[in-house]
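Bear in mind the structure is a predicted one, so any value in this text is a computation, not a measurement. In what follows, chains carry the letters A, B, and so on, assigned in the order in which the sequence lines appear, proteins first and then strands, with residues in each chain numbered from 1.
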Number of protein chains: 2
Amino acid sequence: MNGQFQIAVHILTLLSKQPDELLSSDYIAGSININPVLVRKEISNLRKYGLIDSKEGKAGGYTLGLPAQKILLSDVYRAVKVQPALGQAKNKPNPNCPVGKQISQHLDALADEVDVTIFNKLNTITLADFSGKFN
Amino acid sequence: MNGQFQIAVHILTLLSKQPDELLSSDYIAGSININPVLVRKEISNLRKYGLIDSKEGKAGGYTLGLPAQKILLSDVYRAVKVQPALGQAKNKPNPNCPVGKQISQHLDALADEVDVTIFNKLNTITLADFSGKFN
DNA sequence: TGTACTGTAATAATTAAAATTACAGATGAA
DNA sequence: TTCATCTGTAATTTTAATTATTACAGTACA
């Protein structure tokens, strides 16, 4: 279980709602209800993809790196992606078994196909779309 | 990280390759390289969905519950599914924040959409298709 | 020069996943 | 009938991943 995607979308939604303010990691963490260090870590990652800008020092904080209309949820997916959507087994199949010998390659190919499917789906939704669903 | 789907597909692939034999949990566990109890547990789950038949007692073991052409990978996905593909955060967003108050509902709806997308993709692939990729 | 931030490393606590142990019940064979 | 071999399942331990916490250097502003 891993909530990176949800955390990232939560952060980006907050920023999209207050585009003219610098939000602090403490404020963001208070809305998500997690530790501020995790917020800063996740933002440090999203920043690499240009999705967030930051300003250090007193009165520093975070803003979106792009307008919400230009951020696709597929960008977020790619940025936070560590594990394939179908999960990942950590076993090492038996190389002396004809099935065990080949299955990793076939399972990986399947996982890749599924990931492309997800990506294509998320590629149709912008942060603005998502954020616009809030009352 | 959770490898249930991969384990399930591995089990089913083995059974599809030897449709006339009863395979034991020990044999299956040896191919996957995990503990036999986990194999029996996963099979106990797949059995509920009719995907596997079992026979107890000496010389007992497992066979497919349906021909491999009739088993869809979406059946497997549904059978093993516990967590949404986008992951699941365990935080409880702040209900005093306008975003925190509503975000779970919107994230859940998104996760559902993505799960449908995956399901539809896996709905196009049979166990026979998958198993047929092995040399 | 003090205050309020970010950035990041290191460590601890918590939780989830997987492995193991144990044993009851079923079935077939000697 | 009784032994051996298998499934079914509960309970527990071990391992690994996630999240939280602590700590502090660096930046920017007043």
Side-chain angles (χ1 to χ4, degrees), chain A residues 1-8 10-11 14-15 21-49 51-65 80-84 86-94, chain B residues 1-8 10-11 14-15 21-49 51-65 80-84 86-94:
Chain A
M1 200 187 283
N2 169 315
Q4 260 193 285
F5 181 84
Q6 282 83 357
I7 300 300
H10 194 143
I11 293 169
L14 287 168
L15 296 178
E21 316 259 339
L22 282 166
L23 303 186
S24 72
S25 59
D26 259 13
Y27 172 81
I28 294 170
S31 169
I32 305 178
N33 201 11
I34 59 171
N35 195 285
V37 176
L38 292 182
V39 172
R40 299 206 285 271
K41 251 187 212 159
E42 186 52 49
I43 286 178
S44 147
N45 180 46
L46 295 170
R47 212 156 45 105
K48 289 184 201 148
Y49 292 84
L51 303 179
I52 292 185
D53 278 344
S54 70
K55 189 176 168 223
E56 291 190 32
K58 189 170 179 176
Y62 305 100
T63 55
L64 287 183
V80 304
K81 178 156 186 34
V82 205
Q83 291 162 24
L86 292 177
Q88 180 136 286
K90 31 183 167 267
N91 64 305
K92 301 191 82 181
N94 184 347
Chain B
M1 199 187 284
N2 169 316
Q4 260 192 285
F5 181 84
Q6 282 83 357
I7 299 300
H10 194 144
I11 294 170
L14 286 169
L15 297 177
E21 317 256 340
L22 282 165
L23 303 186
S24 72
S25 60
D26 259 14
Y27 173 81
I28 295 170
S31 169
I32 305 178
N33 203 7
I34 60 170
N35 196 284
V37 175
L38 291 183
V39 172
R40 300 205 286 271
K41 248 186 213 159
E42 187 51 49
I43 286 178
S44 148
N45 180 46
L46 295 170
R47 212 155 46 103
K48 289 185 202 148
Y49 292 84
L51 304 179
I52 293 186
D53 278 343
S54 70
K55 189 178 168 221
E56 290 190 32
K58 190 171 178 178
Y62 305 100
T63 56
L64 287 183
V80 304
K81 179 156 184 37
V82 206
Q83 291 164 22
L86 292 177
Q88 179 138 287
K90 31 186 169 269
N91 64 304
K92 300 191 82 182
N94 185 347

Original post:
Can you check whether A:Asn91's main-chain N or O pairs, donor with acceptor, with B:Asn33's side chain at less than 3.5 Å?
Top reply: no
Original post:
Taking atom P of C:dT8 as reference, at what distance in whole Å does atom CG of A:Asn45 sit?
Top reply: 11 Å
Original post:
From D:dG8, C:dT6, D:dT19, pick the nucleotide closest to the side chain of B:Lys90?
Top reply: D:dT19
Original post:
In Å and rounded to the nearest 0.5 Å, what is the OG to NZ distance from B:Ser24 to B:Lys55?
Top reply: 13.0 Å
Subject >> Euclidean distance, atom CG of residue B:Leu22 to atom P of C:dT27 [Å, nearest integer] >> reply: 13 Å
Original post:
Closest heavy-atom contact between A:Gln6 and B:Gly87?
Top reply: NE2-O, 2.8 Å
Subject >> Whole-Å gap separating P (D:dC6) and CD1 (B:Ile52) >> reply: 18 Å
**OP:** To the nearest Å, give me how far apart CD (B:Gln88) and C1' (D:dT18) are.
**Re:** 14 Å
**OP:** Search all heavy atoms of A:Leu22 against all heavy atoms of A:Gly60 and return the closest pair with its distance.
**Re:** CB-O, 4.2 Å
**OP:** Under 4.0 Å from any atom of DNA chain C, heavy atoms only: list the residues of residues 54-64 of chain B that qualify, in numerical order.
**Re:** B:Lys55, B:Glu56, B:Gly57, B:Lys58
Subject >> Those residues of residues 25-39 of chain B lying under 4.0 Å from DNA chain D by at least one heavy atom >> reply: B:Ser25, B:Val37
Original post:
To the nearest 0.5 Å, how far apart are CD1 in A:Ile28 and CG in B:Asn94?
Top reply: 13.5 Å
**OP:** Write down the distance between CG (A:Asp53) and P (C:dG7), rounded to a whole number of angstrom.
**Re:** 11 Å
**OP:** Supply the atom-to-atom distance B:Ile11 CD1 to B:Tyr62 OH, rounded to the nearest 0.5 angstrom.
**Re:** 9.0 Å
Subject >> Minimum heavy-atom distance B:Val39-B:Ile32, with the two atoms named >> reply: CG2-CD1, 4.4 Å
**OP:** Could you please spell out the steps behind the side chain to side chain donor-acceptor pair (under 3.5 Å) verdict for A:Glu42 and A:Gln4?
**Re:** CA-CA 8 Å; A:Glu42 186 52 49; A:Gln4 260 193 285; 2.9 Å; yes
Original post:
Taking only side-chain nitrogens and oxygens of A:Arg40, does any of them come within less than 4.0 Å of OP1 or OP2 of C:dC5?
Top reply: no
**OP:** Counting heavy atoms from C-beta on, name the nucleotide in C:dA17, D:dA23, D:dT9 closest to the side chain of B:Asn2.
**Re:** C:dA17
**OP:** Find which nucleotide of DNA chain D each of B:Lys41 and B:Asn91 is nearest to by heavy atoms, and output the residue with the more 5' nucleotide.
**Re:** B:Lys41
**OP:** Rounded to the nearest angstrom, tell me the gap between atom CD1 in A:Ile11 and atom P in C:dT6.
**Re:** 12 Å
Original post:
Is any side-chain heavy atom of A:Arg40 less than 4.5 Å from a side-chain heavy atom of A:Ile43?
Top reply: no
Original post:
Would you say D:dT9 has OP1 or OP2 under 4.0 Å from some side-chain N or O of B:Ser44?
Top reply: yes
Subject >> Interatomic distance, A:Lys48 NZ vs C:dT6 P [rounded to whole Å] >> reply: 18 Å
